[in-house]
S.K.: 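Questions regarding the structure given below will be posed in turn.
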2 protein chains.
Amino acid sequence: MPATIYDVAKKAGVSIATVSRVLNKKDNVSEETKQRVMDAIEELNYVPNMIASALMTKKMSTLSLLIPDVINPFFSEIARGVEDAANNYNYNVIVCNTDYDLKKEAVYLNLLKQKSVDGFIVASAIYNDKNVYDLIKQDYPLVLLGREIDGIEKNTRTDVIVSNDICGGYQATKHLIELGHRKIDLILGPKEIKVNRDREKGYRKALRDHGIAVDKNRIHNGRFKIEFGCSKALEILRKKEQPTAIFAGNDIIAIGVLRAAKSLGYDVPGDLSVVGYDNTILAEIADPPLTTINQQMYKMGYMAAEMLIKRLKGDKKPAQRVIFETKLVVRKSTAKPR
Amino acid sequence: MPATIYDVAKKAGVSIATVSRVLNKKDNVSEETKQRVMDAIEELNYVPNMIASALMTKKMSTLSLLIPDVINPFFSEIARGVEDAANNYNYNVIVCNTDYDLKKEAVYLNLLKQKSVDGFIVASAIYNDKNVYDLIKQDYPLVLLGREIDGIEKNTRTDVIVSNDICGGYQATKHLIELGHRKIDLILGPKEIKVNRDREKGYRKALRDHGIAVDKNRIHNGRFKIEFGCSKALEILRKKEQPTAIFAGNDIIAIGVLRAAKSLGYDVPGDLSVVGYDNTILAEIADPPLTTINQQMYKMGYMAAEMLIKRLKGDKKPAQRVIFETKLVVRKSTAKPR
DNA sequence: GTGAAAGCGCTAACAA
DNA sequence: TTGTTAGCGCTTTCAC
């Protein structure tokens, strides 16, 4: 049986209120009794029970992070950022893998609410997510990461952290155009995920700005999986109107494209230029190393946790909307078309 | 203010004890009152407060996972396995990044104990970790993953899940020897991490078994970082007694070796064969794709969580020690020496 | 089958 | 500065 506050009080010859005071670093305790209490705590190896205190205070110093999948390097970097910030403030983080599944997400949220986690960071970017609307409506402390929700009233305290994906899409496409490419296919993840719509917007704008007609048949949606990137690229490269470049919705899809090109005996970037998105470790390691769009995953995660914790500590300023800028990173997977 | 059990009781016209009974699915409640309670719960949108119940039961349905770094694909796969198993049993998992830092680990453990997490999975494999000894001594539910602790008494309930790293080291080295290599350098992670000692043992045994003298100067310890793999490989490849093959302690180091080889204009596997370890996604994507030793990270994580939860649910069988087998995966980074 | 009441280990008025 | 006491929202005997 672990020692309780009563044991400490008895040993120190004070009341439990006094023990509680020194535990919570209230100043109205004399140095002398404080010392006695500290000694008692030491001797008894006393560890305060946070469950008991949370029953009154409702504070568990625990955040929850909802992401589609930790294995995806994009999200594991976010997770690390969140955890580092949380740890910095003595918070812990419960990590949940939603697999882009709204039902799974709902089950998680329900369980987490029961556990009185202090706040939520939702980074599993599904469009029009009813779960998120509910969280907002019920006024749970919440930060949205890499996603937005339309129609949030301005008076919520829900902060939003996003990347400028329209710009990212633009940068990638512009890079290819400036190299001389005109036939550029776009292979994106699911339409339901907003970033894909934005990257497509950027792609379209870049084409328009350079007087190139947008060909709907060159725009493809699917999943953020190597296999999808590979099979879709195979399909595209076997068609008549072959592109000279492919802009992939993320590094994972780009890896799939690379694989497809290799299997068809294409040289990248000689026969085909490929641009990824995210600048995860995968882009660095790929063969050839991928030209890609950098996103600041770690920083975004760190900031999300920090903003959330500040709100938990009473920050009352109106909801923020932070936009992280993207950057083109040129490696070896892009070149002039033959 | 969220509804409490009292509100439900009042609305249903029963006592809180009865509400508690239906909440916990005790059978001694008549169908009729049960229905009334359920209706009240529904109407009030009542969500039970787990903190309150945990104060009595000491069960929070939360595990904690300590790993060095989620960004490392080896550990993110473990984390995913742990989380999937936990989720399957309606548990959540708090993920902590220790960075192989014993002090950081101690701080985490202390905080987690306060939070009454139900059990611990420690996968940050530091040798002779006092924190782990303490956990065991204090009889906390614990599963050790990918590490072992010497001198655990047999009567603890601490399960251990490990990979057969001696065998893995042997398989990798044997593969190189059978290709015809005789000068094989070994670039490992830190000595303090047991897996490195075991992989070295396997390496030594393979050499001995094939009548090749072990040259201590060919064995190097450092960090599980790309930069270390790269700089150490550069150093090695510039020496007189150049190896024809390098066996890296994990895929990350191997990626560094690949980078070094490339920067020196070496062809892999033509001029140098490289073997990695873990078979993470990085091995698949690397250029050339890495020959490596497969470890079953996801399964190990899944099993760790499952064993822990079973113990929490009262499983009293003596501590288990599960060994996962490794497997050589041949890709394109190894070939006969010139 | 159901209810009353005593905790679980703390925090936070309120008194002293 | 310190102590007393009433909760926080549940679970769990023990009666009935």
Side-chain angles (χ1 to χ4, degrees), chain A residues 1-41 44-62 110-118 314, chain B residues 1-41 44-62 110-118 314:
Chain A
M1 276 294 97
T4 72
I5 202 171
Y6 285 93
D7 303 320
V8 176
K10 193 182 289 174
K11 172 145 258 165
V14 297
S15 73
I16 58 163
T18 300
V19 177
S20 176
R21 284 187 191 104
V22 344
L23 249 28
N24 296 293
K25 305 195 198 310
K26 312 261 184 188
D27 45 351
N28 48 353
V29 183
S30 75
E31 262 314 313
E32 191 225 315
T33 48
K34 185 175 174 178
Q35 196 52 56
R36 283 220 312 283
V37 170
M38 306 269 271
D39 292 346
I41 288 174
L44 292 170
N45 232 311
Y46 168 72
V47 176
N49 181 330
M50 227 160 158
I51 299 290
S53 90
L55 195 51
M56 284 280 345
T57 63
K58 265 91 185 92
K59 292 183 206 313
M60 273 296 279
S61 304
T62 305
N110 198 42
L111 190 54
L112 293 166
K113 285 177 188 173
Q114 295 186 28
K115 291 188 183 178
S116 304
V117 299
D118 304 47
Chain B
M1 277 292 98
T4 72
I5 201 172
Y6 285 94
D7 302 321
V8 176
K10 192 183 289 175
K11 172 145 259 164
V14 296
S15 72
I16 59 165
T18 300
V19 177
S20 177
R21 285 187 190 104
V22 344
L23 248 29
N24 297 294
K25 308 195 196 311
K26 312 263 185 188
D27 44 351
N28 48 353
V29 182
S30 74
E31 261 315 311
E32 191 226 316
T33 48
K34 185 173 174 179
Q35 197 51 55
R36 283 220 311 283
V37 171
M38 306 270 269
D39 291 347
I41 288 175
L44 292 170
N45 231 310
Y46 168 72
V47 177
N49 180 330
M50 229 161 156
I51 299 289
S53 89
L55 194 52
M56 284 280 345
T57 64
K58 265 92 184 95
K59 293 183 205 312
M60 274 296 280
S61 305
T62 305
N110 198 41
L111 190 53
L112 293 166
K113 284 176 188 172
Q114 295 186 29
K115 291 189 183 179
S116 302
V117 300
D118 304 44

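Just so it is clear, the structure is predicted and the values come from calculations on it, not from any experiment. In the text below, chain A, chain B and the rest are named by the order of the sequence lines, each starting its count at 1.
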S.K.: To the nearest Å, how far apart are A/Ile5 CD1 and C/dC8 P?
M.R.: 14 Å

S.K.: As an exercise, state the distance from OG1 of A/Thr18 to NZ of A/Lys34, rounded to the nearest 0.5 Å.
M.R.: 13.0 Å

S.K.: Identify, between B/Val29 and A/Thr4, the residue whose nearest nucleotide on DNA chain C lies closer to the 5' end.
M.R.: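 Counting from the 5' end, the first nearest nucleotide belongs to B/Val29.
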
S.K.: Roughly how far, to the nearest 0.5 Å, is CD of A/Glu31 from CE of A/Met38?
M.R.: 8.5 Å

S.K.: Using whole Å, what does the distance between atom P of nucleotide C/dG9 and atom CD1 of A/Ile41 come to?
M.R.: 16 Å

S.K.: Would you say B/Thr57 places a side-chain N or O within less than 4.0 Å of OP1 or OP2 belonging to C/dC8?
M.R.: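 Checking B/Thr57 against C/dC8: no side-chain N or O falls below 4.0 Å of OP1 or OP2.
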
S.K.: For B/Lys26 and D/dT12, is the shortest distance between a side-chain N/O and OP1 or OP2 below 4.0 Å?
M.R.: yes

S.K.: Without decimals, in angstroms, what is the distance between B/Asp7 CG and D/dC8 P?
M.R.: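 To the nearest whole Å, that distance equals 11 Å.
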
S.K.: Can you measure B/Leu55 atom CG to D/dT12 atom P for me and round it to whole angstrom units?
M.R.: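 Interatomic distance, CG of B/Leu55 to P of D/dT12: 12 Å.
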
S.K.: Would you mind reading off the distance between A/Lys10 atom NZ and C/dG9 atom C1', rounded to a whole angstrom?
M.R.: 15 Å

S.K.: How many Å lie between NZ on A/Lys58 and P on C/dG9, as a whole number?
M.R.: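 For the pair A/Lys58 NZ and C/dG9 P, the rounded distance is 18 Å.
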
S.K.: Under the rule for salt bridge (Lys or Arg N to Asp or Glu O under 4.0 Å), what residues qualify as partners of A/Lys115, not counting sequence neighbours?
M.R.: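 A/Lys115 satisfies salt bridge (Lys or Arg N to Asp or Glu O under 4.0 Å) with no residue once adjacent residues are dropped.
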
S.K.: If I take atom OG1 from residue A/Thr62 and atom CE from residue A/Met50, how far apart are they, to the nearest 0.5 angstrom?
M.R.: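 Answer for the OG1-CE pair, A/Thr62 versus A/Met50, is 6.5 Å.
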
S.K.: Let me know the distance between OH of A/Tyr46 and P of C/dG9, rounded to the nearest Å.
M.R.: 10 Å

S.K.: A/Lys34 near the nucleic acid: base, sugar-phosphate alone, or nothing, with a heavy-atom cut-off under 4.0 Å?
M.R.: nothing

S.K.: Between NZ of A/Lys59 and OG of A/Ser53, what distance do you get to the nearest 0.5 Å?
M.R.: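 Between A/Lys59 NZ and A/Ser53 OG, I get 10.0 Å after rounding to 0.5 Å.
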
S.K.: Is B/Lys58 atom NZ crowded by more than 12 heavy atoms from other residues, nucleotides or ligands, each under 6.0 Å away?
M.R.: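 Atom NZ in B/Lys58 is packed in, count exceeds 12.
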
S.K.: Among C/dG1, D/dT2, D/dC10, which is the nearest nucleotide to the side chain of B/Asn28?
M.R.: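 That would be C/dG1.
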
S.K.: Report the nucleotide, chosen from C/dC10, D/dT4, D/dT1, that has the shortest atom-to-atom distance to any side-chain atom of A/Met56.
M.R.: C/dC10

S.K.: Do any of residues 16-25 of chain A sit with a heavy atom less than 4.0 Å from DNA chain C, and if so which?
M.R.: A/Ile16, A/Ala17, A/Ser20, A/Arg21, A/Asn24

S.K.: Give me the residues of residues 47-54 of chain B where at least one heavy atom lies under 4.0 Å from an atom of DNA chain C, by number, or none.
M.R.: none

S.K.: Which atom names give the shortest non-hydrogen contact between B/Ile51 and A/Ser116, and what distance separates them?
M.R.: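 Heavy atoms of B/Ile51 and A/Ser116 come nearest at CG1-OG, 3.4 Å.
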
S.K.: Whole Å only: how far is the OH atom of B/Tyr6 from the C1' atom of C/dA4?
M.R.: 10 Å

S.K.: For residues B/Ile5 and B/Pro48, determine if any side-chain heavy atom of one lies less than 4.5 Å from a side-chain heavy atom of the other.
M.R.: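 Of all side-chain heavy-atom pairs linking B/Pro48 with B/Ile5, none is under 4.5 Å.
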
S.K.: If I take atom CG from residue B/Asn45 and atom CG from residue B/Asp7, how far apart are they, to the nearest 0.5 angstrom?
M.R.: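 Answer for the CG-CG pair, B/Asn45 versus B/Asp7, is 12.0 Å.
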
